Protein chains: 2
Amino acid sequence: MKGSRKRALLMSDLAKMAGVSKSTVSRALAGSDLVNKETRALIQKLAAEHNYRINTNARNFFLQNSLTIAVLLPSANKGDWRISDPFFLELLGGIAEAVNEKGHQLLLAKTHPQTGNWIEDFINAHTTDGVILIGQGSQHQKINEIAEHFKGLSVWGAEVDDGQHYATVGSDNELGGYKATRHLIDQGRRHIVFLGYTTLPEVSLRHAGYQRALLEVGLPIDKQLERPARHSRSAGYASTKKLIEAGVTFDAIFAVSDLFAMAAITALQEEGIRVPEDVAVVGYDDVAISAFYNPPLTSIRQDRTEGGRLLVDNLLAAIDGETPPCRVLDTELIVRKSSGG
Amino acid sequence: MKGSRKRALLMSDLAKMAGVSKSTVSRALAGSDLVNKETRALIQKLAAEHNYRINTNARNFFLQNSLTIAVLLPSANKGDWRISDPFFLELLGGIAEAVNEKGHQLLLAKTHPQTGNWIEDFINAHTTDGVILIGQGSQHQKINEIAEHFKGLSVWGAEVDDGQHYATVGSDNELGGYKATRHLIDQGRRHIVFLGYTTLPEVSLRHAGYQRALLEVGLPIDKQLERPARHSRSAGYASTKKLIEAGVTFDAIFAVSDLFAMAAITALQEEGIRVPEDVAVVGYDDVAISAFYNPPLTSIRQDRTEGGRLLVDNLLAAIDGETPPCRVLDTELIVRKSSGG
DNA sequence: CTGTTAGCGCATTCAT
DNA sequence: ATGAATGCGCTAACAG
C-alpha cells in the first residue's frame with residue numbers, strides 16, 4: 001500500500017524476532033498443529049503486538065486464488081445503473097453478508113452487456129475466484145456459452161431450460177405472479193393490467209403465473225392489459241399514462257417490481273385516479289421503502305438475505321467442481337393498502 | 001482461478017509463439033516504445049487471438065499495489081445495512097463510475113465501527129491501494145487518528161475542524177439546510193420541525209442552516225420542534241408519531257434524508273394529517289424514488305456522480321502523497337408537491 | 001517439530 | 001531493440 005510509507009513488517013521480520021524460520025512463522029500464523037504450541041503462541045503474540053498483517057498479494061499470488069468474488073451488475077446505459085433499484089442493493093447486502101462469512105471479499109463491478117469485455121475479463125484476470133451475476137437479463141445465450149467452459153458462475157435470475165450450464169437463484173416467479181394476481185382477483189378486481197417486460201426470464205414466469213390465476217377463475221386474457229414496458233421507473237410511468245390515454249378499462253395493476261408499481265401509481269394519481277379505490281396495485285420485491293409508500297404497497301416479498309446466501313453457496317460449490325442446483329426461493333404476499341386490503 | 005481447469009496462458013507461452021523473450025512480451029503488452037513496432041503488433045495480435053489475460057495477482061504482487069480501492073459502508077447492526085438508504089447506493093454508483101475510469105477496481109465491504117477490525121485491516125492487508133469511507137458517522141476521532149499515520153483515505157461527510165488529517169467530500173450541508181428551511185418559510189410555514197440526529201457532522205451542519213433561516217426571518221428557535229431521531233426509516237416514523245401524540249403544533253417538517261421524510265409522511269397520513277395541506281415536508285438527497293413518491297417529495301439534491309468522482313480523485317491524490325482539500329458540492333432545491341409548491 | 005530450498009508470474013535492472 | 005538475470009513475500013515440498 002503506497003499510502004503508508006514505512007516498510008511493512010514481513011514474515012522474515014517476525015522470524016528474526018522469534019528466533020525461528022519463516023516457514024515456522026507461516027505455519028504458526030496459519031494455526032498449523034505441526035508447530036510447537038509455545039512457539040506458535042509466541043509468534044502469534046508477536047504478530048499481534050507488532051500489528052503484523054500478511055501480504056495478501058503475495059499470498060494470493062502463491063495460492064493462485066484471491067478469496068475474492070466479483071459481483072457484476074449489468075448497467076443499461078452509463079449513469080442509469082440498474083443498481084439504482086433498491087432491490088439489487090438489498091440483494092447485494094445479502095451477498096456481502098454471506099461473502100464475508102466465508103472469509104472472502106467482494107469486488108463490485110458494473111458492466112455493459114453490449115461491451116465486448118464482459119464476464120470473461122474477470123474470469124481470466126485471476127483477480128477473483130468466481131463471479132456472481134445479478135440478473136441474467138436477456139443474456140441467457142451468452143452466459144450459457146461462457147458457462148460451458150467456465151464453472152465459477154452463479155446467477156440471480158430464473159432457470160431457463162434443461163440445457164443450461166449454470167445454476168440460478170431466484171424466487172418462485174411463477175408462483176409469485178400467481179399470488180399477486182390471485183390476491184387482486186380476491187379483492188374483486190376483474191381487469192388486471194400486467195406491467196412488465198416479458199423478455200426477461202423472471203418476468204416471463206411472473207407473467208405465466210398471472211395468466212394461470214386469470215384462467216383459474218375463468219377471466220379472459222386481454223392483450224390490451226399486458227403492457228410490455230421496460231424494467232425502469234420512467235417506463236412504468238409512461239406505460240401507465242399511455243394505458244389511460246388509450247381509454248382502456250382496468251381496475252388493478254400487477255407490476256413486476258415495486259419501483260415500477262410506484263411509477264404507475266404516480267401516473268394514476270396525476271390523472272386523478274385513486275389507489276386503491278379505483279385501481280388496486282401490487283408490486284414485486286417488497287423493497288424496504290414500500291412499507292412507507294403512500295399508499296403502503298402490497299408486494300411479493302423475496303428473501304434477499306437467503307438469496308444472497310444461496311448465490312454464494314452455489315458459487316463456492318461450483319468453484320469446488322460441484323454442480324449446484326438451481327434454487328427457488330419462497331415468495332410471500334405482503335398485503336398493504338395499495339391493493340385495497 | 002480454480003473454476004477453469006486448463007492452465008492459463010502465460011507470458012512465456014506468448015514469448016515462445018512469437019519467438020522472443022518474456023521481457024519483450026512484457027514490454028510489448030505494456031505498449032512500450034522500446035520494442036520494435038512490428039514485433040509489438042505481432043505480440044498484441046497473438047495475445048488477442050489466444051485470449052491472453054495477464055495474471056493480475058502476479059502483477060499486483062510485483063508492483064506492490066492492487067489497483068483496487070475499497071469502499072467501506074458502515075453498518076449499524078447486522079442485516080440493517082445502512083447501504084439500504086438508496087442515497088448511498090447512488091453514491092456508490094458514482095464512485096464505481098469514477099473508479100473504473102481510473103482503471104481501478106472496487107472492493108465493497110461492510111464494517112461495524114464497533115468491531116475491532118476496521119479500516120486498519122484494509123490498510124495493512126495490501127489488498128487495496130486506498131479506502132473510501134462512506135459516511136464518517138460519529139467516528140471522526142477514530143478516523144482522524146488513523147489518518148494521522150495513513151494517507152490513503154477519502155471520506156464522504158463533512159469537514160469537522162482544522163486539526164483534521166483527512167479530506168472529506170460532501171454537499172454544502174449548512175446551505176442545504178438553509179435552503180430547505182427558507183423554502184418552507186417562503187411557503188408561509190412558521191412551525192418547522194427539524195428531524196435528524198445532530199451528532200453526525202453532516203446533520204449538525206444542516207441543523208445550523210435550519211437555525212440560520214429561522215433567525216433570519218425572526219422566527220423563534222423552538223426546542224420542541226427539534227427531534228433528535230436516529231438516521232433510520234423506522235425512527236423517522238416513530239419520532240413523528242411521538243411529535244403528534246405530544247400535541248406539538250407544527251406545519252412543516254425538514255427531514256435530513258428523503259427516506260426519513262417518507263417515514264414521517266407515512267406517520268402523518270396515518271393520523272389523518274394531510275401533506276402538504278396541513279404539514280409541508282422537505283427531505284434531503286433527492287433520491288431517485290422521491291420524484292415518484294406520493295406526494296412527490298421536495299428535496300435538496302446532492303450530485304452523487306460528482307461526489308463519487310471527487311472522492312476518487314481525492315483518494316488517488318492522497319495515495320500519491322498529496323494533501324487534497326475538503327470538497328464541498330453544490331446543493332439544489334428541487335421543489336415538488338410535498339412542500340405545497 | 002523445524003529449517004532449507006524452490007518457485008509462483010511478472011516487471012525491471014543491466015547487459016548486449 | 002532485445003535477452004538474461006533478479007526478486008517481490010509467501011507457502012509447500014522435502015529433509016532432517
Side-chain angles (χ1 to χ4, degrees), chain A residues 1-2 4 6-44 46-47 50-68 103 124-129, chain B residues 1-2 4 6-44 46-47 50-68 103 124-129:
Chain A
M1 160 94 67
K2 275 196 225 158
S4 57
K6 53 175 186 280
R7 187 174 79 60
L9 209 64
L10 303 180
M11 274 198 183
S12 49
D13 299 323
L14 283 182
K16 238 168 267 166
M17 295 183 202
V20 296
S21 75
K22 289 193 305 177
S23 326
T24 306
V25 175
S26 173
R27 287 190 271 250
L29 259 29
S32 160
D33 318 312
L34 285 172
V35 65
N36 182 355
K37 231 177 172 179
E38 285 87 40
T39 13
R40 194 169 62 200
L42 171 67
I43 292 170
Q44 285 174 345
L46 243 36
H50 294 80
N51 197 32
Y52 168 79
R53 289 287 128 76
I54 198 166
N55 184 325
T56 322
N57 269 341
R59 184 175 201 281
N60 289 344
F61 172 47
F62 181 85
L63 259 24
Q64 304 273 48
N65 72 9
S66 56
L67 292 186
T68 297
N124 290 343
H126 297 262
T127 196
T128 59
D129 289 348
Chain B
M1 163 94 67
K2 273 197 228 156
S4 58
K6 56 175 185 279
R7 189 174 77 62
L9 210 62
L10 303 181
M11 276 199 181
S12 49
D13 298 323
L14 283 183
K16 238 168 269 167
M17 295 183 202
V20 296
S21 75
K22 290 193 305 179
S23 325
T24 306
V25 174
S26 174
R27 285 191 272 252
L29 259 29
S32 160
D33 315 315
L34 284 172
V35 62
N36 183 355
K37 231 177 172 178
E38 285 87 42
T39 16
R40 192 169 60 202
L42 171 67
I43 292 170
Q44 286 172 344
L46 242 36
H50 294 80
N51 196 32
Y52 170 78
R53 288 286 128 75
I54 197 166
N55 183 325
T56 321
N57 268 341
R59 186 175 199 282
N60 289 344
F61 173 47
F62 180 83
L63 260 20
Q64 305 272 49
N65 72 9
S66 56
L67 292 185
T68 296
N124 291 343
H126 297 262
T127 197
T128 60
D129 290 347

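Here the structure is a predicted model, which is why all the values come from computation and not from measurement. In what follows, every chain begins at residue 1, and chains take the letters A, B, ... in the order their sequences are listed.
The distance from atom CG of Asn65(B) to atom P of dC10(C) is 16 Å, rounded to the nearest whole Å. Between Leu29(B) atom CG and dA11(C) atom P there is a gap of 8 Å when expressed in whole angstrom units. Following rounding to the nearest Å, Asn60(B) (CG) and dA11(C) (P) show an atom-to-atom distance of 10 Å. Rounded to whole Å, atom P of dG9(C) lies 12 Å from atom NZ of Lys16(B). Nucleotide dG9(C) holds its P atom 11 Å from the CG atom of Asn57(B), rounded to whole Å.
Under the side-chain contact (heavy atoms from CB on, under 4.5 Å) rule, Asn57(A) has a single partner from Thr68(B), Thr56(B), Asn60(B), which is Asn60(B).
In this structure, the side chains of Leu29(B) and Tyr52(B) come closer than 4.5 Å at one or more pairs of heavy atoms. When side chains are defined from C-beta on, Leu9(B) counts as touching Met17(B), because their heavy atoms get closer than 4.5 Å.
For dT2(C), neither phosphate oxygen OP1 nor OP2 lies less than 4.0 angstrom from any side-chain nitrogen or oxygen of Ser21(A). Taking side-chain N and O atoms only, Tyr52(B) has no distance below 4.0 Å to OP1 or OP2 of dG9(C).
Nearer to the 5' terminus of DNA chain D, by closest-nucleotide assignment, is the contact made by Lys22(B) (compared with the other of Arg59(A) and Lys22(B)). In this structure, Arg27(B) and Ala58(B) both approach DNA chain C, and ranking their closest nucleotides by distance from the 5' end singles out Ala58(B).
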Worksheet item: Do Arg40(B) and Asp33(B) pass the side chain to side chain contact (heavy atoms under 4.5 Å, CB included) test, and can you show the C-alpha distance, the side-chain angles, and the key distance before you say yes or no?
Response: CA-CA 9 Å; Arg40(B) 192 169 60 202; Asp33(B) 315 315; 4.0 Å; yes
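Between chain A and DNA chain D, the heavy-atom contact criterion of under 4.0 Å yields a 5' to 3' nucleotide range of dG9(D) to dA13(D).
Side chains of Ser66(B) and Asp129(B): a donor on one and an acceptor on the other come within 3.5 Å. In the model, Ser26(B) has no side-chain atom that pairs as donor or acceptor with a side-chain atom of Ser23(B) under 3.5 Å.
Stacking of Phe61(A) onto the six-membered ring of dC8(C) is present: less than 5.5 angstrom between centres, less than 30° between planes.
Taking all atoms of both residues into account, the shortest heavy-atom contact from Ala28(A) to Val35(A) is CA-CG1, 3.9 Å.
The distance from the CG atom of Leu14(B) to the CD1 atom of Ile54(B) is 10.0 Å, given to the nearest 0.5 Å. A distance of 11.0 Å separates CZ of Arg27(B) from CE of Met11(B), quoted to the nearest 0.5 Å.
Residue Ser23(B) is classed as a base contact, given a heavy-atom separation below 4.0 Å to a base.
Of the residues in residues 33-41 of chain B, those placing a heavy atom less than 4.0 Å from an atom of DNA chain D are Leu34(B), Val35(B), Asn36(B), Thr39(B), in numerical order.
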